[in-house]
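The next block holds one structure in the form of structure tokens; read it before the comments.
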Amino acid sequence: MKLTEETPYRFRVERHGDMRVPGIVFASRALLPSGETEKPLEQVANVATLPGITGASYAMPDMHWGYGFPIGGVAATDVRRGGVVSPGGVGFDISCGVRLLTADLTSGALSPVMERLMDGLNRAVPHGPGRGAVWKLSGPGEMTAILREGSRYAVERGYGTDNDLERCEDHGAVGDAVPEGVSERAVRRGLGQVGSLGSGNHFLEVQVVTEVHDTKAAEAFGLRADQVCVMIHCGSRGLGHQTCTDHVRTIDRRMSRHELRVPDRQLACAPVDSPEGRAYLGAMAAAANYSRANRQLLQAAASRVFADTTGRPLELVYDISHNLAKLETHEVDGERRELCVHRKGATRALPPGHPDLPSGLAGAGQPVLVPGSMGTSSYVLTGVPGGAAFHSTCHGAGRQQSRHQAARATRVGELRAELRERGVVVRGASARGLAEEAPAAYKDVSTVVEAAEGGGLCRKVARLVPVGVVKG
DNA sequence: ATGTCC
């Protein structure tokens, strides 16, 4: 793979084969995939062959191998020029994302009640694979409301306030959702999981702000040094997974009818303006809304525990997803164009003054929430004017070991002791889950964030470190 | 990520 260094944080994959545009990788030399691990770069090149792709096939510094697209991949296709949508460009966990909350507390006030707080969160926040949820649904009718209205429906039912919706991407619900596009089987899988964390790298963490890099933006976000926060990272559970599976299958079957050929079958796609393309986007929006409702319900559950234990409820900073395709208008070559922007393991990062920001955030930009690996640290970033990759940045630390490798390499007892020594109270984690999520399995999130900032994708606002974690 | 294979 021929890579050209454009800047210390920006590399170009030169066009070759059927690539329609170059690949642009935002990373440092140290973070670049190499040797055996060049597979994610091949995926960047594969994505560059998609019909209608505009600008470049982008990769964020936390990139690693994924289904079809790399995780950390961003690709925009031009809807009016035959642009396609590919479920592999969103991933199986549709609208997986992060919600950040603040408590009006400093770390010192937390320590005396810490164990009790974590016990409360462990009981109130369903976690782990399979069932267990905040809501027991009355039936499929109520599911339709969730799929259409997302966080708005949860708020309507008393699990939050209108102010919360101001601080949610898309005001709490993706428009044009088509609940009928979510199969019966997907609904069945989702019925018992509304308001649950799941497993893998999903978590709820109690965190403390240890560094403020941008005082003004932090203030606008409601963050200050030594502030207690809660970060929730979860997605659309079995419902989103099944929705992706269903639509990959139908789109794959129709590929030849649209005379579409891709270098990897996992890049199955359909023109945005086709029955299959629109059907996927409608179902994806519905699954995204399930994920939004999920995080709204977990906020309510956690807030209640905080209010009971500390006397302080939680307030929403922002909710943003990092697995989604969105129809957005961007200026390309001096022209306004309608693009289908795929962000898979990549986060939207709107700059200050962007019209889609709520008034309270207009001056600061959109909060970008970047969870680090378990027990290390997380970042709050914001968008910058002229941000590349259609206003996108990284989404996390990025795996460097497979789950299998990590499970084999980790001594769970030592890891637990290490976390305890660092002052992190752990609840609910299975031994296997803990091993797979060991910090050694991930890149250093600080290095990733440095590269994203160096590449001109975003700006640092604050760094948060965990003091408590609930995991599946 | 995921009832880690319908």
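Since the model is a prediction, treat every value here as computed from it, not as a measurement. Below, chains carry the letters A, B, ... as their sequence lines are ordered, and counting in each starts from 1.
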Could you pull out every donor-acceptor pair under 3.5 Å between side chains of residues 387-398 of chain A and any protein atom, sequence neighbours left out?
from	atom 1	to	atom 2	distance (Å)
A:Ser392	OG	A:Arg343	NE	2.8
A:Ser392	OG	A:Ala389	O	2.6
A:His395	ND1	A:Asp62	OD2	2.5
A:His395	ND1	A:Gly345	O	3.0

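Contacts of A:Val84 classified as side chain to side chain contact (heavy atoms under 4.5 Å, CB included), with partners at least two apart in sequence or in another chain: A:Leu50, A:Pro51, A:Thr77, A:Leu260, A:Cys269. Residues meeting the side chain to side chain donor-acceptor pair (under 3.5 Å) test with A:Asn122, sequence neighbours left out: A:His127. Residues passing the side chain to side chain donor-acceptor pair (under 3.5 Å) test with A:Thr243: none are found, sequence neighbours excluded.
Rounded to an integer number of Å, the gap from CD1 of A:Ile71 to C1' of B:dT2 is 13 Å.
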List every contact pair, protein side and nucleotides 3-6 of chain B side both N or O, where the distance is under 3.5 Å.
from	atom 1	to	atom 2	distance (Å)
B:dG3	OP1	A:Arg189	NH2	2.0
B:dG3	OP2	A:Gln193	NE2	3.0
B:dG3	N1	A:Arg189	NH1	3.4
B:dG3	N2	A:Arg189	NH1	2.8
B:dG3	N2	A:Arg189	NH2	3.4

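Contacts classified as side-chain hydrogen bond (donor to acceptor under 3.5 Å, both in side chains) and involving residues 414-424 of chain A (residues at least two apart or in different chains) are not found.
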